[in-house]
Amino acid sequence: EKVVEKRELSFREIVTLAFPDAVFDDKTEYTVAYSKGDDHKPKGTMVDGETIKLKNGEVFHVTRTDRS
């Protein structure tokens, strides 16, 4: 569980919360899925370059995959 003060976070900020050692290169891929979001879009996925407005209690699942 993480507590953030910002009202909006980017894809990369969320990845870095999950993986402080995150590297954004051609060999590593991250997937960000969320749930318990705002009523407009309560669940979904994010891609690099997107931002999301946060809702108290929102849940993010971040996975890292190494390309081979």
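Residues take their numbers from the sequence shown, with the count starting at 1.
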>> With a 6.0 Å cut-off (strictly less than), is the heavy-atom count around CG of Asp26, excluding the residue itself, greater than 12?
In response: no
> So among Ile14, Val47, Leu9, which one has a side-chain contact (heavy atoms from CB on, under 4.5 Å) with Val32?
Replying inline: Ile14
>> Going by side chain to side chain donor-acceptor pair (under 3.5 Å), name the residues that satisfy it together with Thr28, two or more places apart in sequence or in a different chain.
In response: Asp25
>> Between Phe24 and Tyr30, is the ring centroid distance below 6.0 Å?
In response: yes
>> Going by side-chain contact (heavy atoms from CB on, under 4.5 Å), name the residues that satisfy it together with Lys55, two or more places apart in sequence or in a different chain.
In response: Asp39, Glu58
> So, are Arg12 and Asp48 salt-bridged, with charged N and O less than 4.0 Å apart?
Replying inline: yes
> Where is the tightest heavy-atom contact between Val15 and Ala22, given as atom of each residue plus distance?
Replying inline: CG1-CB, 3.8 Å
>> Could you report the tightest heavy-atom contact between Phe60 and Ile52, atom names first, then the distance?
In response: CZ-CG2, 4.0 Å
>> Within the 4.5 Å heavy-atom criterion, are Leu54 and Arg7 side-chain neighbours or not?
In response: no
> Does the side chain of Leu17 come within less than 4.5 Å of Val4's, by heavy atoms?
Replying inline: yes
>> For Lys43, is there an ion pair with Asp38 - N to carboxylate O distance below 4.0 angstrom?
In response: no
> Closest approach of Met46 and Phe11, non-hydrogen atoms and distance?
Replying inline: O-CE1, 3.6 Å
